[in-house]
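Here the structure comes first, spelled out in structure tokens, and everything after it is commentary.
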Protein chains: 2
Amino acid sequence: MALPLLLLLGAGGLRAAERSGGGGSSSSAMEELATEQEAEESHRQDSVSLLTFILLLTLTILTIWLFKHRRVRFLHETGLAMIYGLIVGVILRYGTPSSSGRDKPLSCSQEDRPFTTLLVNVSGKFFEYTLKGEISPGKIHNVEQNDMLRKVTFDPEVFFNILLPPIIFHAGYSLKKRHFFRNLGSILAYAFLGTAVSCFIIGNLMYGVVKLMKLVGQLSDKFYYTDCLLFGAIISATDPVTVLAIFNELHADVDLYALLFGESVLNDAVAIVLSSSIVAYQPTGENTHAFDAAAFFKSVGVFLGIFSGSFMMGAVTGVVTFTKLHCFPLLETALFFLMSWSTFLLAEACGFTGVVAVLFCGITQAHYTYNNLSVESRSRTKQLFEVLHFLAENFIFSYMGLALFTFQKHIFSPVFIIGAFIAIFLGRAAHIYPLSFLLNLGRRHKISWNFQHMMMFSGLRGAMAFALAIRDTATYAHQMMFSTTLLIVFFTVWIVGGGTTPMLSWLNIRSDGPDSERRNRTKQESAWLFRLWYSFDHNYLKPILTHSGPPLTTTLPSWCGLIARCLTSPQVYDNQEQLREEDSDFILNDSDLTVTYGDTTITANGSSGPHTATTSLDGRRTKSSSEEALERDLGTNENWSFFYTTH
Amino acid sequence: MALPLLLLLGAGGLRAAERSGGGGSSSSAMEELATEQEAEESHRQDSVSLLTFILLLTLTILTIWLFKHRRVRFLHETGLAMIYGLIVGVILRYGTPSSSGRDKPLSCSQEDRPFTTLLVNVSGKFFEYTLKGEISPGKIHNVEQNDMLRKVTFDPEVFFNILLPPIIFHAGYSLKKRHFFRNLGSILAYAFLGTAVSCFIIGNLMYGVVKLMKLVGQLSDKFYYTDCLLFGAIISATDPVTVLAIFNELHADVDLYALLFGESVLNDAVAIVLSSSIVAYQPTGENTHAFDAAAFFKSVGVFLGIFSGSFMMGAVTGVVTFTKLHCFPLLETALFFLMSWSTFLLAEACGFTGVVAVLFCGITQAHYTYNNLSVESRSRTKQLFEVLHFLAENFIFSYMGLALFTFQKHIFSPVFIIGAFIAIFLGRAAHIYPLSFLLNLGRRHKISWNFQHMMMFSGLRGAMAFALAIRDTATYAHQMMFSTTLLIVFFTVWIVGGGTTPMLSWLNIRSDGPDSERRNRTKQESAWLFRLWYSFDHNYLKPILTHSGPPLTTTLPSWCGLIARCLTSPQVYDNQEQLREEDSDFILNDSDLTVTYGDTTITANGSSGPHTATTSLDGRRTKSSSEEALERDLGTNENWSFFYTTH
């Protein structure tokens, strides 16, 4: 929603500027009027171009509704948004007359490098100008060729600063799943090792392609090895959305779901940080594009620094958000929103990556803060971020369709494109199969061949790859990379998005076996390190940070009694009866449980009803041992995945 | 929420520009690096300044919570936001070092008037600059005096294009109240006639003050009669929020509430259109500031044109929003949001006033579209706009506090300020008392003296006056008007906001008499014109546009049977059992009702439970006669007012 208001702002700025510019002296009334009218005209055009996007989104929503209504699954909503974007792009490109720009280059020259702000003397009055960007000398005359095309082109940073954060935050906030923590080790391996392997392999293959292109004379400008590696990083970011929506609707295997979702979400973060580390790789001395060990290690340092910094920042703000403003859901929701946003800004202010910080903020908020929210605030925050995520995502995808025709600097090189498709295939293969083999050595519950094939197939590229590619389109190499990325996104979203359902049936991956059987496996499979952390989290962190979990007085040794009493929220005692992990009633196939808590014995009936949004008050169970809570916790928030798809 | 992301965008643009500006040639690596670092620095500063605002809002929320918790009523949340804004403003003003700007005026001059875009040649490379505004010659050297101050200064159009729309839409969406329609005539009189009277009287009084200032030599620049009238229009916009929140908490008289709320909301719309008509008043010929009858009638025409255009546009889009996407609340909510926003953009694109269009869009959507939404979407849309409204409002008020110290062009003239306070007092008096007298001639249920005093007292100025005043601060007169408006807003929000509770008890306006007694009065008091419209609306519009109301087949004459069957939604027949005006169960003090619908007699029990958010399915009543439905409808959505205040 925040989305393209920005464009309006730009226009507003212009309008105000021209008005105040023209309003100074009373002698030139006609001139004022002309400026005023021009400003109005520009504002109108901005409104029209924004309306275009809204129309696109509206169309997409209506068609999605039709598709959902008729249970059409061969095309996902994002694919649809892209198609509408393409159509509008064609219309804008070929249907609107190319107006002549009224801008002439100023003949005066500055000395060394451009100022960010200019003061220009126009017949006695001073006007302030701000720097917009460099224009290559050959393009001076066709820069402003088509006003409409220029209007619908957004600043690339819009994607990073406004559209991606809600998408990524929502992904993190939805991550608290039963099977995510069970497969944590594998997910981390896929995300970190896998993305690095994929980036490196794609980068090297593309360097080969580039060398080949140079040999046959297809390359007209420079294309460095670092550019190839950057392309590898950009294109290694897989999209968590499309396939998973279908997975959820079909109730496909939950372990596979967790592996895919976790990998996709985390590998976005890895890809962002990886790409900024590659950009930061700046060898010293004259030969700026040869290998430099010092610069390489600096890049690795940058990667580790940014990643851990963003992670810490997100985790800390997530934990710090003590929204205990019960009784006032509006205040709670607003505070929750502001805290999530300030995580983003804080990370950016410290030089870390805001999007990564927001991801981990989402994960920790789902883990801790969510338990502190009132029931109404839980649904409010969820719905708020759901709407933001939905609008931002569909906006990005329809913008992608539009960009294919309205972006003015496309460079489509068939050799590069074919090479890129082969490279991403091989990169994905080199990422999934060897890693799965290694992971299977350590996993009790193996990742089957069918799972591996499905993961191989599901590696579609989406919003993150696009946003990374459009971020810098200044050089020839980057422009070629952007055009290729766009085509890869189109291809994978349409083919993979449409092919998921047949692929799932072909590979025979449908609903999983009885859940209770799986739950019994949990004990053996969870890594000892994770279990250690879990019991710490359950016994100490949760009681301190949330109202749930056992009071510290029962988990800490008796000699810590005083500290325990201070740190435990009084509500924990008050709510002792209600003490529970949230949404524990959503665990499927639960049998009745008789558990002992403190010195009272409670018999509770875990309801095994369908996934609905109502938070019923029955079906609460309370346990004191962290072992049992672990199982329960792994099973919590299964309903999130449901919410994720019902839109 | 959309709010200050924009600033970030600006920064992002700069950053991307500088990056692409520096990334072209590989020969000047050091220079690139320097530009890159500067861009990073600028981005960081932007993040910090945004964090400042988020911190402000967070503080405000926490304090509001504390106040609500302790039931403190002497200071409203908006007053609080202003205080925090003031504090941060002082710190920014006097606590940060004034950095020297690195901008030098370019010595070259353009010929006639400034271009919106400049191309500047810097040592062979071309850079694009966009116009930001004019700077008076004397201020060239202190324009960029303090980077931090500049960072926290927003483009004035931000308020109109981003912050006001959600506030005004929310007000319109909340307007559907029992007592609003009953007092429609009086509200319209207050809003239209009252605002015009107030604007004219304040304008003339201020012109007298300006003349006086000229006599005693207090005025150093031009101050025209149109400026005075503009000031009258700006300062006639009263704020609906602060007093009404307190009214609601105290359950003050509902008729008074409806009068005040309706008047405040509509008079914002009138004030906007009035001020743009005054700006459009452009006499022809040399003597540009003498009275010109032709220009005057043109202004009146502009007023009527813009107002009716915006009204029509809002009403039509509100009606057109056929969100019948049941089963998919996310899609419904997204569509609803997009439609409301496109109303704003469409109006702006057509040259009307977006904010006014959004107001009427909100009113019609509450009237028609709301009935088509699924239960979940109703609460979703309500909550979404509630959060947006809350954040936008508190942001504006804290920005006001900040602006007192960070705005660089304040002109505080004691004579003008004192004159303005007297003028708004007299203007408000000339608006309330004579109009109330005239209205009382026609009203059966008189507006008592105590009510009139309370309305007189409640005329506080808020966000709209501020946004109108900051829109144009180019000339000396406008700067003085802005500074004065700021002080008036501070004064009225603190004094009136704090004094409402004592004033209410002093004037002995507390909870109203039994509700049922009032309901009986409805029949006599509703104007015949309104009743005519109402029955048309109930019998024909509602069945066509929503799923509620009687089927057309029962309301149209029998010879229209075919058309009636075509136009009636099939769901009306399906839902015949459930047919009802939404939320009718929120009417207080309802006794059991036995009503006849069609040929079935239904006895329903109107629940008189507390105002809660749950929409229970019992307590539905169905009536066929529009008379009875009128009463019911007037009583619907009483719970809106509750939501309006529980934050």
Side-chain angles (χ1 to χ4, degrees), chain A residues 2 5-6 8-9 12-13 16-17 20-21 23 31 44 47-48 50-51 54 57-58 61 65 103 105-106 108-110 114-115 117-122 125-135 155-157 161-162 325 330-331 333-335 338 342 345 348-349 380 383 387 390 474 647, chain B residues 2 5-6 8-9 12-13 16-17 20-21 23 44 47-48 50-51 54 57-58 61 65 103 105-106 108-110 113-115 117-122 125-135 155-157 161-162 325 330-331 333-335 338 342 345 348-349 380 383 387 390 474 647:
Chain A
L5 278 166
L6 312 150
L8 235 179
L9 169 69
S20 64
E31 188 185 294
R44 252 176 239 191
S47 299
V48 169
L50 265 185
L51 267 177
I54 292 190
L57 288 181
T58 309
I61 288 173
W65 173 74
D103 316 287
L106 223 68
C108 57
S109 58
Q110 294 173 337
F115 298 116
T117 317
L118 268 193
L119 290 180
V120 178
N121 185 342
V122 183
K125 283 187 235 165
F126 285 91
F127 290 90
E128 195 181 357
Y129 283 81
T130 46
L131 180 63
K132 222 179 135 194
E134 196 194 349
I135 291 149
D155 187 304
E157 295 296 308
N161 292 328
I162 290 132
L325 316 183
L330 177 64
L331 296 184
T333 312
L335 194 66
L338 289 177
S342 64
L345 290 173
E348 292 282 324
R380 269 183 186 232
Q383 288 169 2
V387 171
F390 177 80
H647 56 253
Chain B
L5 276 166
L6 312 149
L8 234 179
L9 169 71
S20 63
R44 252 175 238 191
S47 299
V48 170
L50 266 184
L51 266 176
I54 291 190
L57 288 180
T58 309
I61 288 174
W65 173 75
D103 316 288
L106 225 67
C108 57
S109 58
Q110 296 174 338
R113 63 203 161 79
F115 299 115
T117 315
L118 268 193
L119 290 181
V120 178
N121 185 341
V122 182
K125 284 187 234 165
F126 286 91
F127 290 90
E128 198 181 356
Y129 284 80
T130 46
L131 181 63
K132 221 179 137 194
E134 196 196 347
I135 290 148
D155 188 306
E157 294 296 309
N161 292 329
I162 289 132
L325 316 184
L330 178 64
L331 296 184
T333 312
L335 194 65
L338 289 177
S342 65
L345 290 173
E348 291 283 325
R380 268 180 187 234
Q383 288 170 2
V387 171
F390 177 81
H647 57 250

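For clarity, every value in this text was computed on a predicted model and none was experimentally measured. Proteins get letters first, then strands, A, B, ... in listed order; numbering begins at 1 in each.
- Here the straight-line distance linking atom CG of A:L57 with atom CG of B:L338 works out to 5.5 Å at 0.5 Å rounding.
- Considering every non-hydrogen atom in both B:L51 and A:A349, the closest pair reads CD1-CB, 4.4 Å.
- No side-chain heavy atom of B:F390 sits less than 4.5 Å from a side-chain heavy atom of A:T333.
- A pairwise comparison of heavy atoms in B:S342 and A:I54 identifies CB-CG2, 3.8 Å as the closest pair.
- Using a 4.5 Å cut-off on side-chain heavy atoms (C-beta onward), B:R380 and A:V387 make contact.
- Of the atoms belonging to B:T58, heavy atoms from both backbone and side chain fall under 4.5 Å from chain A.
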